[in-house]
Amino acid sequence: MTEPSRFYLTTAIDYPNSRPHIGTAFEKIGADVQARYRRMSGNTVHFLMGNDENTIKVAKRAAELGRDPKEYCDDMARQFKEVWKALDISNDDFIQTSEARHHAGCRAFIQKVYDAGHIYKGAYEGLYCEGCEAFKTEKEIKEAGGVCPDHKVPPIKRSEPCYFFALSKFQDRLLRFYDENPGFIQPESRRNEILSLVQGGLQDVNITRQGQDWGIKVPFDEQFTIYVWFDALLNYITAIGYGTDDERFRKWWPADIHFIGKDITRFHCALWPAMLWAAGEEPPRSVFGHGFVYVKNEETGAAEKISKSLGNVVEPMDIVTKFSGEAFRYYFLRECPFPGDGEFSWQRFKDVFNSELANNLGNLYSRCITLVSKNYDGHLDETAGRKPGVIYTEVDTQTTAQQVQKHIEACQYNQALERIWRQILDPANRYAEKTEPWKLVKTDKEAARHVLYDLVEQLRCAAILLKPFLPRMAETIYRGFNFPQPWAEVRYEDVWVHPLQAEDLRVLAPLEAGKVKPLFPRIN
RNA sequence: CCCGGGGUGGAGCAGUGGUAGCUCGCCAGGCUCAUAACCUGGAGGUCGCAGGUUCAAAUCCUGCCCCCGGAACCA
């Protein structure tokens with residue numbers, strides 16, 4: 001991959017018109033696993049998230065509520081952050097594009113591009129709704145049946161002066177760049193899409209709006225504000241100091257990976273590199289366009305796009321409060337392939353939770369702890385300095401750990417988790433069944449002790465491998481025993497290095513009548 | 001019309017040339033340490049359709065059908 005020292009990753013910034021839904025959260029979780037994994041791997045990580053606030057819609061929404069736009073944005077940002085916190089998203093920074101650092105960086109950037117001659121004045125013609133006092137896309141109008149979706153009146157054609165960014169000039173350079181950097185656009189399917197798009201020719205893009213109060217003023221012509229993408233994309237650099245702290249900016253740029261939804265791939269893969277070149281900066285190292293989450297209609301069985309009009313919006317907190325942030329993370333990481341699309345249904349959620357988290361992982365943890373605590377008073381003698389035995393020979397744990405690493409690096413989180421379950425946890429349950437330590441303890445207590453030591457080793461491996469995915473439960477499992485490595489310092493290598501116990505293995509988990517509290521209580 | 005993705009046992013997926021695999025669900029046993037959890041076995045698929053290449057195709061080629069998404073303020 002990239003140089004091991006620093007790793008800068010971002011997610012798309014969200015519109016604060018409405019609260020985040022499970023699809024928005026899907027992206028953050030996928031990025032979070034990557035961030036946590038990189039930290040474990042010894043990288044100095046900077047993980048950025050944020051909200052995209054300089055839009056007409058935001059100003060309008062605030063006006064509807066009779067609130068000051070900035071105050072409204074701050075309140076929404078607070079709500080977003082609450083959700084991300086509940087999901088244990090480990091972002092290092094959260095940028096709001098209404099912040100001064102973003103405004104300053106944006107103005108510096110656009111001025112530079114202007115001075116370099118990549119911006120020219122022209123006129124924009126589009127479909128305009130007088131009720132909204134805004135231009136509408138053809139798609140919006142078409143979907144509403146030829147009228148404005150908000151005001152139900154047909155739009156009028158309107159032309160206004162504006163500034164264009166000369167994107168078309170960068171077509172050849174982009175194609176050359178894709179060719180020289182085959183890993184730039186991920187996954188592969190997205191790459192093909194962008195390739196054909198750019199080969200088909202690029203149009204210059206309108207980057208300003210006239211007569212808006214809310215937003216960033218164009219420094220070389222203050223009657224205009226910067227329009228959407230030319231503002232939003234810049235958050236990735238203004239957040240790390242572009243235009244305000246050059247040293248910091250140089251430290252982190254270029255980004256190692258931008259996580260975005262597949263729908264905005266074109267902006268990140270075509271427009272964004274061109275903008276950066278125009279300002280004399282490097283493009284990001286890679287862009288990952290993840291899939292979408294659809295909601296299963298329980299009546300028809302059909303997968304529906306999440307939308308307010310369909311009334312099928314599921315908010316993360318709906319799930320988190322009923323289950324947990326960990327369960328939420330597990331479901332989407334295991335059930336929805338990150339590069340492709342996935343589906344959510346409450347029934348499926350329950351099934352996955354019960355079979356994989358409660359019955360498999362949680363139950364293995366419970367049975368191991370009980371066996372050790374009840375039969376050995378929580379203390380396995382003579383395990384200090386002793387290597388655990390191998391319980392599964394088809395695939396050794398080193399291979400498994402490396403397969404998991406490979407999958408994480410390719411953002412194939414569902415496959416990484418499947419490996420852990422099939423190659424670490426299932427074999428442990430089978431091994432317990434085969435060796436029957438609950439019986440063996442009555443005839444050969446020493447042999448049973450070794451069996452239990454081997455079983456607990458599987459929990460140790462699973463906890464380490466699961467650290468980026470289920471940070472809390474992985475820690476709970478790990479701290480249930482006196483494993484030698486401090487939790488904060490464990491790395492994937494520790495899975496196969498088997499650092500020896502300095503002292504005999506002991507159960508540290510709090511017990512009641514010799515039993516632990518279930519990690520994932522079954523849902524009925 | 002164009003572009004992209006996809007069609008594999010009831011559901012969800014893996015599988016890019018060599019006896020069709022996994023999870024859930026279902027059926028039957030076993031076990032009883034554990035969260036009525038765990039383990040074993042079983043039923044269930046002509047891998048969208050039709051041709052072709054090959055000793056051999058879910059996998060490569062051609063044509064067709066169907067589903068989903070996209071075309072520039074939408075994660």
* Asked: Contact class for A:T370 vs. all strands (heavy atom < 4.0 Å): base, sugar-phosphate, or nothing?
  -> sugar-phosphate
* Using a 4.0 Å heavy-atom cut-off across all strands, classify A:L519 as base, sugar-phosphate, or nothing. => base
* Structure fact -> A:S98 meets the side chain to side chain donor-acceptor pair (under 3.5 Å) criterion, sequence neighbours left out, with A:E53, A:K70
* Which ring pair (Phe, Tyr, Trp, His ring centres under 6.0 Å) pairs, counting each pair once, include a residue from residues 432-460 of chain A, with sequence neighbours left out? -> none
* **Close approaches to RNA chain B from residues 433-463 of chain A, in residue order (heavy atom, under 4.0 Å)** => A:E433, A:W438, A:K439
Any protein N or O atoms within reach of nucleotides 11-15 of chain B? Criterion: under 3.5 Å, listing atom names and distances.
none

* Can you name the side chain to side chain contact (heavy atoms under 4.5 Å, CB included) partners of A:R266, sequence neighbours left out? -> A:I194, A:L197
* Structure fact -> Stems in RNA chain B, runs of 3 or more consecutive Watson-Crick or G-U wobble pairs with both distances under 3.5 Å, sorted by first number, are B:2-7 with B:65-70, B:10-13 with B:21-24, B:26-30 with B:38-42, B:48-52 with B:60-64
* Asked: Between A:E356 and A:F292, which has a closest nucleotide on RNA chain B that is more 5'?
  -> A:E356
* With A:Q402, which residues qualify under side chain to side chain contact (heavy atoms under 4.5 Å, CB included), at least two apart? -> A:Q398, A:Q405, A:W496
* With sequence neighbours left out, write down each residue that passes salt bridge (Lys or Arg N to Asp or Glu O under 4.0 Å) with A:D444, or none if nothing qualifies. => none
* Asked: For A:H118, what residues pass the ring-ring contact (aromatic ring centres under 6.0 Å, His included) criterion, not counting sequence neighbours?
  -> A:F170
* Are a donor atom and an acceptor atom from the side chains of A:E433 and A:N429 found within less than 3.5 Å of each other? -> no
* Which residues share a ring-ring contact (aromatic ring centres under 6.0 Å, His included) with A:F328, sequence neighbours left out -> A:F332
Taking distance alone, no hydrogens or angles, what donor-acceptor pairs closer than 3.5 Å link side-chain atoms of residues 515-524 of chain A to residues at least two apart or in another chain?
from, atom 1, to, atom 2, distance (Å)
A:R522, NH1, A:N359, OD1, 2.7

* Does A:K169 come within less than 4.0 Å of A:D204, counting only side-chain N to carboxylate O? -> no
Expected rows: protein N/O vs nucleotides 2-6 of chain B N/O, under 3.5 Å:
from, atom 1, to, atom 2, distance (Å)
B:G4, O2', A:E193, OE1, 3.4

